[in-house]
There are 2 protein chains.
Amino acid sequence: MTQKTELEILLAVVDHGSFSAAARVLGYTPSAVGKRVHQLEQRLRVPLLVRTTRRMTLTEAGQRYVEEARDLLARLTALEEDIADDAASLRGTIRLTSSAALGRLHVVPPVIEFMERHPVVEIDLLLTDKIVDLVGEGFDLAVRSGTLPDSSLVSRKLMSNRRVPCGAPAYLDQHGLPQQPEELTTHSCLHLGQEKRLLDWGFTRNQGGITRLGSGFSCNSLEALHAACCAGHGIAWLPEFLIAHDLHKGRLVPVLIDHADPNAGGGIFVLRPKATFLPRRVRALTDFLADHFTDIRTD
Amino acid sequence: MTQKTELEILLAVVDHGSFSAAARVLGYTPSAVGKRVHQLEQRLRVPLLVRTTRRMTLTEAGQRYVEEARDLLARLTALEEDIADDAASLRGTIRLTSSAALGRLHVVPPVIEFMERHPVVEIDLLLTDKIVDLVGEGFDLAVRSGTLPDSSLVSRKLMSNRRVPCGAPAYLDQHGLPQQPEELTTHSCLHLGQEKRLLDWGFTRNQGGITRLGSGFSCNSLEALHAACCAGHGIAWLPEFLIAHDLHKGRLVPVLIDHADPNAGGGIFVLRPKATFLPRRVRALTDFLADHFTDIRTD
DNA sequence: TGTCATCTGTTCCCAAAACTATCAAATGTT
DNA sequence: AACATTTGATAGTTTTGGGAACAGATGACA
């Protein structure tokens, strides 16, 4: 700020007792100082200082103005400094990873909003379904769904990760609606990676427990399963965050909901390395995610 | 004022939702508004607004800044307006009269100080020992000493007006120190106008009451009597405000103090016409005089 | 769904205004 | 009487504001 405010100049004059002294301190010439004070007086239409060449007295108005305005100015500059410092301490990059589907649907939107609110922080987001080593690869945060992960990470639960068995209406019309979990052994089942047994799908009341799911598409990508399921290729056990909209629109229909454990899917968590120092920007993003991760079911 | 202006512009932008809208309201062009906001952001080194061409969002920092600074700015402008209004309502001339000696010694100094403190008021001071008609001649105030004056005026007592009989050491050495009031009949007495009897000088224990003072100089001017007394021409009954310094320095010596009524001199009053409206400036001067009229005895 | 029109913010350059410095003069103080 | 300080006028420089061209986003309309 090359240009000091009228108020700052006035205060300097009052504090140092003369125009010249204030000018020396502020790095101006005396005449410049005098002019600025004169400007202020003209703006307020009130003389603030009675000047003789040797002495300088505040008028009643000047005294009041100085007393009260000094406080206000101090508060304003304090506020500005505080905000600047705040931003400075937030500045930096956050390296963040998330699984593909979850990230695309529910991490990217709040992260974008966060970036608008905090333009000084930069975000480096990696969407992958592979489990990355946070510490080893230098990530600050990860957003993951599932059961609670290993304990070298600090976890914060954003919400529970309900998963529901479901299928497209076309498929169910053709192949019938299963009434018991065991019936799935004869259905086309779309399963994720190693989830091949009824038990893996979190059914509460299946007797055998180890009964294999019916054969069908198997893939490590949730989004691929999702697409296949919508296309009528079978029944899949999909997380609610992925299909809420489809269920609402009727593009997918839940199946065997009385037999499914709603908590079997675990939760959605933010994770961070345990040992490392937590920068303010990371804490801010964690809090922001926690605040904005509530309304998945309602959309 | 840079700080203030930037803030005002920022607030206008926030309130009206766009640079253009704010510019229309403020009478600037959009480019000027944008520039000032940019300046502010650069000064704080924090982005305050995230702009797209259609939408405009406050940053976290911006939100905080706006919230808190708005209040400070409002207070500052309110203060400035208040001070300006205050001065405006004080502006004007005060017509003031006082008796010569009292005025010169004890009215002029505080009035000058008052003028320095309130440069917007002008003062028209008439020093005269004649009693002027406040209402008829358009005076706002009078400062007078003596007994309480007529009741068409509102009076405020500034202090009591002690008067003491006294003489110069040279005179008293030569003519002796009187022990009883009656002895004054044989002294050279300097009296003011019609004060020719012992009673007029406020003695508490003189028996006759109507005993005439000794012959001597008589004059309607207190200052002339004062000068004559100091020059050793006799004994005079002079107000303390006039001779405090002389008593202190020993140039005058009190006489018959045990017989003198300290309250006989009445008081020193500020008077103003009863009926007229009391402008703020007049009230301010009255208060100021009351506050600064206390230390006559101590100088 | 795609294209277009319109509104808005940004940037550059130039003119204008404001600010500051220099110097001389007036003034009050020691 | 001498010194320090404020004040005033003038000139030079920085800052600021305006206009036009450009880019981006929204909403209408087909």
Side-chain angles (χ1 to χ4, degrees), chain A residues 1-59 62 66 108-109 112-113 115-117 119 249, chain B residues 1-59 61-62 66 108-109 112-113 115-117 119:
Chain A
M1 178 166 50
T2 51
Q3 196 176 339
K4 296 272 180 195
T5 68
E6 289 168 344
L7 230 181
E8 283 172 308
I9 291 181
L10 174 66
L11 293 179
V13 169
V14 171
D15 289 340
H16 296 91
S18 86
F19 284 30
S20 318
R24 277 192 294 274
V25 171
L26 296 171
Y28 283 89
T29 57
S31 70
V33 173
K35 222 182 244 182
R36 296 298 292 262
V37 173
H38 187 70
Q39 271 177 24
L40 177 58
E41 290 180 322
Q42 214 153 15
R43 185 160 64 81
L44 300 182
R45 287 192 300 276
V46 184
L48 300 173
L49 298 167
V50 177
R51 321 101 146 106
T52 76
T53 52
R54 276 291 184 201
R55 199 166 44 91
M56 152 149 305
T57 321
L58 276 171
T59 65
V66 165
V108 168
I112 285 179
E113 199 183 334
M115 284 173 61
E116 291 210 341
R117 293 237 258 258
K249 291 284 184 182
Chain B
M1 174 150 43
T2 314
Q3 228 168 358
K4 195 180 157 198
T5 315
E6 283 174 349
L7 233 179
E8 283 170 321
I9 290 181
L10 175 66
L11 292 179
V13 169
V14 171
D15 289 341
H16 296 92
S18 87
F19 284 34
S20 318
R24 277 193 294 274
V25 171
L26 294 170
Y28 285 103
T29 58
S31 72
V33 172
K35 235 184 247 180
R36 297 304 287 264
V37 172
H38 186 69
Q39 269 177 27
L40 178 58
E41 289 181 323
Q42 213 153 13
R43 184 159 66 78
L44 301 183
R45 287 191 301 276
V46 183
L48 300 172
L49 297 169
V50 177
R51 323 99 145 106
T52 74
T53 51
R54 273 295 182 199
R55 200 164 44 92
M56 153 148 308
T57 321
L58 273 172
T59 297
V66 165
V108 169
I112 285 179
E113 200 184 332
M115 283 173 62
E116 289 209 340
R117 293 241 260 259

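Because only heavy atoms are used, hydrogens play no part in the values below, and waters and symmetry mates are left out as well, while side chains stay in. All chains are named by letter (A, B, ...) in the order of the sequence lines, taking the proteins before the strands, and each is independently numbered beginning at 1. In this text the structure is predicted, and so the values were computed from the model without any measurement.
To the nearest 0.5 Å, the span separating CE on Met115(B) from CD on Glu113(B) amounts to 12.5 Å. Between atom CG of residue Leu40(B) and atom CG of residue Leu49(B) there is a gap of 9.0 Å, rounded to the nearest 0.5 Å. Atom CG of Leu10(B) sits about 9.0 Å away from atom CG of Asp15(B), to the nearest 0.5 Å.
Rounded to 10°, the angle separating the first-five-pair axis and the last-five-pair axis of the helix from dT1(C)-dA30(D) to dT30(C)-dA1(D) equals 40°.
With hydrogens and angles ignored, the 3.5 Å screen pairs a side-chain donor or acceptor of Thr52(A) with a backbone N or O of Arg54(A). A donor-acceptor pair under 3.5 Å is absent between the side-chain atoms of His38(B) and the main chain of Gly34(B), judged by distance alone.
Side-chain atoms of Lys35(B) and base atoms of dG9(C) include no donor and acceptor less than 3.5 Å apart.
Atom CD in Glu6(B) sits roughly 12 Å away from atom C1' in dT16(D) (whole-Å rounding). Between Leu40(B) atom CG and dT16(D) atom C1' the separation is 16 Å, expressed in whole Å. Whole-Å rounding puts the Arg43(A) CZ to dA18(C) C1' distance at 15 Å. Here the C1' atom of nucleotide dG9(C) and the CD atom of Glu41(B) are 13 Å apart, to the nearest Å. In this entry the distance linking CE of Met56(A) with C1' of dA4(D) reads 13 Å, nearest Å.
Checking the phosphate oxygens (OP1, OP2) of dT7(D), a side-chain nitrogen or oxygen of Arg51(A) falls inside 4.0 Å. OP1 and OP2 of dA18(C) both lie 4.0 Å or more from every side-chain N or O belonging to Gln39(A).
For Arg51(A), the salt bridge (charged side-chain N to carboxylate O under 4.0 Å, His left out) partners at least two apart in sequence or on another chain are Glu41(A). For Thr29(B), the side chain to side chain donor-acceptor pair (under 3.5 Å) partners two or more places apart in sequence, or in a different chain, are Ser31(B). A search for side-chain contact (heavy atoms from CB on, under 4.5 Å) contacts involving Gln39(A) returns Glu6(A), Arg36(A), not counting sequence neighbours. With sequence neighbours excluded, the residues that form a salt bridge (charged side-chain N to carboxylate O under 4.0 Å, His left out) with Arg55(B) are Glu116(A).
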Every protein N/O lying under 3.5 Å from an N/O of nucleotides 26-30 of chain C:
| from | atom 1 | to | atom 2 | distance (Å) |
| --- | --- | --- | --- | --- |
| dG28(C) | O4' | Thr53(A) | OG1 | 3.0 |

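The stretch residues 17-31 of chain B touches DNA chain D through Tyr28(B), Thr29(B), Ser31(B), each having a heavy atom within less than 4.0 Å of the strand.
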Just distance, no hydrogens or angles: give the donor-acceptor pairs under 3.5 Å from side chains in residues 18-26 of chain B, sequence neighbours left out.
| from | atom 1 | to | atom 2 | distance (Å) |
| --- | --- | --- | --- | --- |
| Ser18(B) | OG | Ser20(B) | N | 3.3 |
| Ser18(B) | OG | Ala21(B) | N | 3.0 |

